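The structure appears below as structure tokens.
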There are 2 protein chains.
Amino acid sequence: MGKKKSEKQESKDVSTEERIKEAARQVFTKKGYAATRTRDIAEAAGLNLALLNYYFRSKEKLFEIVMMEKVQALFGVIAPVLNDEESSLEEKIERLVHNYLDMLMKNPDLPLFVLSEIRYQPEDLARRLQVGKLLRESVLVKQLRERKKNIHPLHFIMNLLGMTLFPFVGRPMFQHGAGLGQKEFEALMEERKKLIPKWIDAMLGVR
Amino acid sequence: MGKKKSEKQESKDVSTEERIKEAARQVFTKKGYAATRTRDIAEAAGLNLALLNYYFRSKEKLFEIVMMEKVQALFGVIAPVLNDEESSLEEKIERLVHNYLDMLMKNPDLPLFVLSEIRYQPEDLARRLQVGKLLRESVLVKQLRERKKNIHPLHFIMNLLGMTLFPFVGRPMFQHGAGLGQKEFEALMEERKKLIPKWIDAMLGVR
DNA sequence: GTCTATACAAAGATAGAC
DNA sequence: GTCTATCTTTGTATAGAC
């Protein structure tokens, strides 16, 4: 025991540091980096502004941390599946879609948040995440290349991600436009778990 | 003649008002609303801060105008096609994808910009644009409903938009990750003009 | 570790001269 | 219509008491 925890905090059940991070997650996700005021975060955490600078050095540092978590959540789910040596192409697609949709239903704002903020330092993040490796050297990509020798594998990655992620990126629009409640939207996404793999299979058979 | 133009301006070739708007388009698109400073816009226009408030009342009003243009560009292309009574489902899809990709290649940052900013007042925009009408009552939707009675038409709309728009939404990631130059990315998009309609046709045949 | 009070910088908006 | 100078608000960060 010991583990360098403090003495006074944890009045409720989590450390002050964690409360700030949780508040930061919420506010940053909701309003984006630029529109977020550190005061909002402090307030959301039921704490005081000065604490933010005590625990994290600045707004930017705090954001970095939150962003890394989010990016990890968004890409961490897929990397292992992409590189699995055992499974077939079809199995990978099925698992990918399933895992992704599950995760997205729990974090519907995630993709738009990450993609929105990412565009201000794309090189930076692409590098750290080794997106390049996944996009060029993953087992999935190899399998795609073999299956469809005349079509760039990126096309299928785009389709897979497009069909899976885009409904969440455009969710404000779809949900409002079509007048769907949350339950109805989720029901649609649940359907897509089974539909998308079928569609992709059909696409792979084209020509 | 007369038309209430001023006497002094137009030193180059466009009105001051238009120069401000053009600068605003650039800066807002690049940095987003919250991160944009009116000073940046003034500087980009080679003008002075005070002029912005002279012509437009505030940063927000100026943004509204730019945003409406962008949204119009993003949705204006598709509405007519969606509601065309003459064309078949397949023709509509083909035309939609073609027009959309053409437009997006000229405005690659458009979708991410609009989708990013839209999430702060989705109701507002969805209402103005009558997205609901297109999503529920358009001819395309009717045709989809007839063709696939047991699948919600929204699924296909999501797929269509996902495959077409998402590559641009994720462009920073794709382009950087895969190490593509602009030419190469455009070449891929050019291929997609022909591929997406085929894929969708294949999807329509599933089950 | 946590608070209050405040310094300091940035940014939107406006006044008033030309 | 256009400019310079300035007001005012807001937001990040810090000092210093407890």
Side-chain angles (χ1 to χ4, degrees), chain A residues 1-67 117 120-121, chain B residues 1-67 117 120-121:
Chain A
M1 47 192 61
K3 206 173 181 295
K4 219 177 187 185
K5 277 287 173 66
S6 76
E7 321 84 16
K8 190 182 163 190
Q9 66 199 169
E10 249 144 318
S11 40
K12 299 214 169 172
D13 58 330
V14 288
S15 68
T16 300
E17 187 171 347
E18 185 49 41
R19 285 175 65 189
I20 295 175
K21 262 164 67 174
E22 179 53 28
R25 279 190 271 269
Q26 287 176 12
V27 182
F28 278 137
T29 304
K30 185 176 171 196
K31 316 183 35 158
Y33 176 78
T36 292
R37 294 166 306 172
T38 49
R39 284 178 156 84
D40 296 338
I41 298 177
E43 192 183 354
L47 289 172
N48 187 290
L49 228 189
L51 271 294
L52 267 70
N53 282 327
Y54 177 77
Y55 282 97
F56 310 87
R57 234 177 60 91
S58 68
K59 175 185 176 182
E60 201 177 342
K61 301 271 187 211
L62 181 51
F63 180 75
E64 280 269 314
I65 292 170
V66 171
M67 183 50 130
E117 303 288 342
Y120 305 118
Q121 32 322 72
Chain B
M1 42 193 65
K3 206 174 181 298
K4 217 171 190 189
K5 280 283 173 71
S6 75
E7 320 83 16
K8 190 182 165 190
Q9 67 199 167
E10 250 144 318
S11 39
K12 300 213 169 169
D13 58 330
V14 287
S15 69
T16 300
E17 187 172 346
E18 184 50 39
R19 284 175 66 188
I20 295 176
K21 263 165 65 175
E22 180 52 29
R25 278 189 272 269
Q26 288 175 11
V27 182
F28 278 137
T29 304
K30 185 176 172 197
K31 317 185 32 160
Y33 175 78
T36 292
R37 293 166 307 174
T38 50
R39 288 178 156 82
D40 295 338
I41 297 177
E43 191 183 354
L47 288 172
N48 181 298
L49 226 191
L51 270 295
L52 266 70
N53 282 326
Y54 176 77
Y55 281 97
F56 310 88
R57 235 177 60 93
S58 67
K59 176 186 178 184
E60 202 178 341
K61 301 271 186 209
L62 180 52
F63 180 75
E64 280 268 313
I65 292 170
V66 171
M67 183 49 129
E117 303 289 341
Y120 305 119
Q121 31 323 73

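Since the model is a prediction, treat every value here as computed from it, not as a measurement. In what follows, chains carry the letters A, B, and so on, assigned in the order in which the sequence lines appear, proteins first and then strands, with residues in each chain numbered from 1.
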Write down the distance between [atom1] ([X]) and [atom2] ([N]), rounded to a whole number of angstrom.
| X | N | atom1 | atom2 | value |
| --- | --- | --- | --- | --- |
| B:F28 | C:dA11 | CZ | C1' | 13 Å |
| B:E43 | C:dA11 | CD | C1' | 14 Å |
| A:L52 | C:dC3 | CG | P | 11 Å |
| A:L62 | D:dA13 | CG | C1' | 14 Å |
| B:I41 | C:dA11 | CD1 | P | 12 Å |
| A:L51 | D:dA13 | CG | P | 15 Å |
| A:F56 | D:dT14 | CZ | C1' | 18 Å |
| B:D40 | C:dA11 | CG | C1' | 10 Å |

- Answer whether the closest heavy-atom distance between the side chains of B:E117 and B:F28 falls below 4.5 Å.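 Not in contact.
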
Output one line per pair: protein atom, nucleotide atom from nucleotides 4-10 of chain D, and distance, for all N/O pairs under 3.5 Å.
| unit_1 | atom_1 | unit_2 | atom_2 | d |
| --- | --- | --- | --- | --- |
| D:dT4 | OP2 | B:N48 | ND2 | 2.9 |

- Message: Less than 4.0 angstrom from a charged side-chain N to a carboxylate O is my criterion; do B:E22 and B:R25 meet it?
- Response: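 Here B:E22 pairs with B:R25 in a salt bridge, since their nearest N and O are under 4.0 Å apart.
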
First locate atom [atom1] of [X], then atom [atom2] of [Y], and finally report the distance between them rounded to the nearest 0.5 Å.
| X | Y | atom1 | atom2 | answer |
| --- | --- | --- | --- | --- |
| A:K31 | B:Y120 | NZ | OH | 9.5 Å |
| A:I20 | A:Y54 | CD1 | OH | 10.5 Å |
| B:I41 | B:L62 | CD1 | CG | 5.0 Å |

- Check whether any side-chain nitrogen or oxygen of B:T38 sits under 4.0 Å from OP1 or OP2 of C:dA13, and answer yes or no. no

- Query: Would you say A:Y55 reaches C:dT2's phosphate, i.e. side-chain N/O to OP1/OP2 under 4.0 Å?
  - Reply: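 Affirmative; the distance criterion is met.
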
- Query: To the side chain of B:L47, which of D:dC3, C:dT2, C:dA13 is closest?
  - Reply: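 Side chain of B:L47 sits closest to D:dC3.
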
- Query: Which listed nucleotide (D:dT14, C:dT2, D:dT2) is nearest to the side chain of A:N53?
  - Reply: D:dT14

- Should the pair B:K59 and B:Y33 be classed as cation-pi, given the thresholds of under 6.0 Å to the six-membered ring centre and 45° from the axis?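 Yes, B:K59 lies over the aromatic ring of B:Y33.
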
- Could you pull out the closest heavy-atom pair between B:N53 and B:S58, with the gap in Å?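 Distance-wise, the nearest heavy atoms are OD1-CA, 3.8 Å.
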
